[in-house]
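Structure first, then comments.
Because the structure is predicted, anything quoted here is derived from the model rather than measured. The analysis underlying the following values was restricted to heavy atoms, covering all of them including side chains, and did not include hydrogens, waters or symmetry mates. Index from 1, following the sequence.
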Amino acid sequence: MTTIPFSGPQPGGAHDIAAHHLWQPYTQMKTAVPALPVVATDGVRIHLEDGRTLIDGIASWWTAVHGYNHPHLTGAIRAQLDQFAHVMFGGLTHAPARDLAARLAARLPADLNHVFFAESGSVAVEVAMKMAVQFWLNRDERRLRFVHFHGGYHGDTAATMAVCDPEEGMHGHFKGYFPQHLLSHLPVTDDDEAKLASQIEANLESLAGMIVEPRVQGAGGMRFHNDKVLVRLRRLCDRFGLLLIFDEIFVGFGRTGDMFACEGAGVLPDIVTLSKALTGGMSPLSCAVARTKVFDAFWDDDPNKSLMHGPTYMAHALGCAAANASLDLFERHDRVGAARTMEGQMAQELAPLRGENDVVDVRVKAGVGVVQLRKINNLQGLRQAFVEEGVWIRPLGDVVYLTPPLTISADDLTQLTGAIRRVLTR
């Protein structure tokens, strides 16, 4: 058990009146320490109001892959703002969205060609699930359930909570609020294909598809699995005619050592969801991208067979401009290669923690480094200890993890890994 003494501001102290009105995510506001006010960002650094500077070890929840304030990204947004910031996407369109859809279709494998834009990752997953359900409804079959896995996390909206891990995830106390899907009794890494096939077969008439985070299950615990798992899941979906959804909101855009996990694994999903790093951390934007066979199920003279979804800020022009600029940077610089280089450095520098009593596992996959603990006894104290080391690392569950910007220097990465070693070995 890792116990970290807490020396930060105590609950119940004086609070800024304006900050009192803010409701922070995943936070018990009664006992939480005050959030740290940020006044500027630069590269991989976050500058605080009190003069301290933190090296960002998680890229603002995995979004800022090019670091903060990259001039090409900020320039693209300024240029778009001079034209227009947003226009409704119902009946109207614009060049940033058209260009981005075409570029994503060109970068994604095979016939993942049809791009539906939304705002957040959770909404993109909701859209993907609605695509799968309506795919069957348009064929006069009512299939409303999905196969999902232990350790999975797909978002905080109602439909996405329903396909998260109900036991170890953060949504367990919402049981009964959302519909029940087919939670595989097996972890995604289980190689007993016959067991999973038996589960699917017993529930087949109600199943629309299967959803999985390829390579790394992110917020559910940073659990890794190899590409053979994805090959097996594709084979099962083909066998039973299910649509396979890859949730790449965390792993897309170089994080696991390939531009997209599906591309690197050589496994073609029927729908893939993207967000977070899509705009380089500059603006909310997400999308669900479907193969032609999915899109064709909606291509009809009947208006009721249209995809029944329409986010207000769908294809937000500033976000699309930022995403196009982000793709420029991926084309000009070897960000994917940088993630692979990070893997070797993090593996070497985190390896000494394997001998610590409280450490269960140390694992690294490209731009993801994980130290799994038996238990974190004082999460607030642990987070504060990292701040005192001059780094921004925000553990979740029982894991301390790194997902820094792909532009981070070797020296700054060493500062992050060193901080983890020092804090966990005190």
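- Looking at residues two or more places apart in sequence or on another chain, you find a salt bridge (charged side-chain N to carboxylate O under 4.0 Å, His left out) between R143 and E141.
- Taking 4.0 Å as the cut-off between side-chain N and carboxylate O, R45 and D412 count as a salt-bridged pair.
- Nearest heavy atoms, A323 versus L100: CB-CD2, 3.5 Å.
- Judged purely by atom type and a 3.5 angstrom limit, D165 uses its side chain to pair as donor or acceptor with the backbone of G151.
- At a threshold of 4.5 Å between non-hydrogen side-chain atoms, the residues C262 and L268 do not count as touching.
- At a threshold of 4.5 Å between non-hydrogen side-chain atoms, the residues L230 and H225 count as touching.
- Contact record, G241 with W136: O-CZ2, 3.1 Å, taken as the closest heavy-atom pair.
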Problem set entry | Chi angles and distances behind the side-chain contact (heavy atoms from CB on, under 4.5 Å) call for D358, L424 | CA-CA 8 Å; D358 292 339; L424 296 186; over 6 Å; no
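- Residue P214 comes nearest to D247 through the heavy atom pair CD-O, 3.4 Å, listed as atom of the first residue, atom of the second, then distance.
- With rounding to the nearest 0.5 angstrom, the CG atom of D111 is 9.0 Å from the CG atom of D296.
- D258 and R215 are joined by a salt bridge, as a carboxylate oxygen and a charged side-chain nitrogen come within less than 4.0 angstrom of each other.
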For this session: Take R145 and N203, measure what side chain to side chain donor-acceptor pair (under 3.5 Å) needs, and give me the verdict at the end.
Result: CA-CA 9 Å; R145 301 172 70 207; N203 295 272; 3.2 Å; yes
Problem set entry | Intermediate values then yes/no, side-chain contact (heavy atoms from CB on, under 4.5 Å), K276 and R255 | CA-CA 11 Å; K276 293 205 179 281; R255 184 57 64 183; over 6 Å; no
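- At least one donor-acceptor pair under 3.5 Å links the side chain of R103 to the backbone N or O of N324.
- Note: F386 CZ to I55 CD1 = 13.0 Å, rounded to the nearest 0.5 Å.
- V391 has its side chain out of reach of L54: every pair of non-hydrogen atoms, C-beta onward, lies at least 4.5 Å apart.
- Under the 4.0 Å criterion applied to side-chain N and carboxylate O atoms, E389 and R426 are assigned as salt-bridge partners.
- Side-chain contact between M342 and I408: present, with at least one pair of heavy atoms (C-beta onward) separated by less than 4.5 Å.
- Remark: D270 engages R234 in a salt bridge, criterion side-chain N to carboxylate O under 4.0 Å.
- The closest side-chain heavy-atom distance from I245 to V212 is not below 4.5 Å.
- Centroid-to-centroid, the aromatic rings of F253 and F260 come within less than 6.0 Å.
- Remark: H114 NE2 to T292 OG1 distance equals 3.5 Å, nearest 0.5 Å.
- Closest approach of M282 to A322, counting heavy atoms only: CB-CB, 3.9 Å.
- Here the CZ-CZ distance, from F298 to F116, works out to 10.0 Å after rounding to the nearest 0.5 Å.
- At least one donor-acceptor pair closer than 3.5 Å links the side chain of R354 to the backbone N or O of V362.
- Here the side chains of D42 and H47 are in contact, with some heavy-atom distance below 4.5 Å.
- Other residues, nucleotides and ligands contribute over 12 non-hydrogen atoms within 6.0 Å of the CZ atom of R422.
- A donor-acceptor pair is defined here as one N or O able to donate and one able to accept, closer than 3.5 Å; no such pair exists between the side chain of Q372 and the backbone of V399.
- No more than 12 heavy-atom neighbours from other residues, nucleotides or ligands sit within 6.0 angstrom of CD on E205.
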For this session: Evaluate side-chain contact (heavy atoms from CB on, under 4.5 Å) for T403 paired with W61, printing each intermediate quantity in order.
Result: CA-CA 8 Å; T403 53; W61 274 332; over 6 Å; no
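- In terms of heavy-atom proximity, G319 sits nearest to T279 at O-CG2, 3.5 Å.
- For F330, the CZ atom is densely surrounded, since the number of other residues' heavy atoms within 6.0 Å is greater than 12.
- Counting heavy atoms of neighbouring residues, nucleotides and ligands inside a 6.0 Å radius, atom CD of Q348 does not exceed 12 of them.
- Side-chain atoms of R363 come within 3.5 Å of backbone atoms of M222 as a donor-acceptor pair (strictly under, hydrogens ignored).
- The shortest non-hydrogen separation linking D56 to L416 is O-CD1, 4.2 Å.
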Problem set entry | H154 vs S122, side chain to side chain donor-acceptor pair (under 3.5 Å): CA-CA, chis, key distance, verdict | CA-CA 7 Å; H154 300 284; S122 295; over 6 Å; no
For this session: Let me see the working for Y153 and T160 under side chain to side chain donor-acceptor pair (under 3.5 Å), right down to the final yes or no.
Result: CA-CA 8 Å; Y153 174 84; T160 60; over 6 Å; no
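- Separation of the H316 and F117 ring centroids does not fall under the 6.0 Å cut-off.
- Distance check: H150 NE2 to R223 CZ gives 9.0 Å after rounding to the nearest 0.5 Å.
- Proximity of a side-chain donor or acceptor of N69 to a complementary backbone N or O of T41 within less than 3.5 Å is detected.
- A 4.5 Å side-chain heavy-atom check between I271 and F135 finds every atom pair outside the cut-off.
- When each of V370, V359, L382 is tested with V400 by the rule side-chain contact (heavy atoms from CB on, under 4.5 Å), just one qualifies, namely L382.
- A distance-only check finds no donor-acceptor pair linking the side chain of E213 to the backbone of E248 [under 3.5 Å].
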For this session: Mind running side chain to side chain donor-acceptor pair (under 3.5 Å) on T414 and E349 for me, showing each step along the way?
Result: CA-CA 7 Å; T414 293; E349 294 177 355; 2.9 Å; yes
For this session: Decide yes or no on side-chain contact (heavy atoms from CB on, under 4.5 Å) for W23 and M29, but give the supporting numbers first.
Result: CA-CA 7 Å; W23 199 336; M29 297 302 294; 3.7 Å; yes
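- Note on ring orientation: taking the six-membered ring where Trp is involved, the planes of Y401 and W62 are perpendicular (angle over 60°, cut-offs 30° and 60°).
- No donor-acceptor pair under 3.5 Å is formed between the side chain of S198 and the backbone N or O of A194.
- A side-chain donor-acceptor contact under 3.5 Å links S286 to the backbone of S120.
- Other residues, nucleotides and ligands place no more than 12 heavy atoms under 6.0 Å from the NZ atom of K228.
- Judged by distance alone, the side chain of E119 and the main-chain N or O of Y313 form a donor-acceptor pair under 3.5 Å.
- If you take CG on L329 and CG on L73, they are separated by 5.0 Å, rounding to the nearest 0.5 Å.
- L108 has its side chain out of reach of E263: every pair of non-hydrogen atoms, C-beta onward, lies at least 4.5 Å apart.
- Salt bridge status for E193 with R235: present, with a side-chain N to carboxylate O gap under 4.0 Å.
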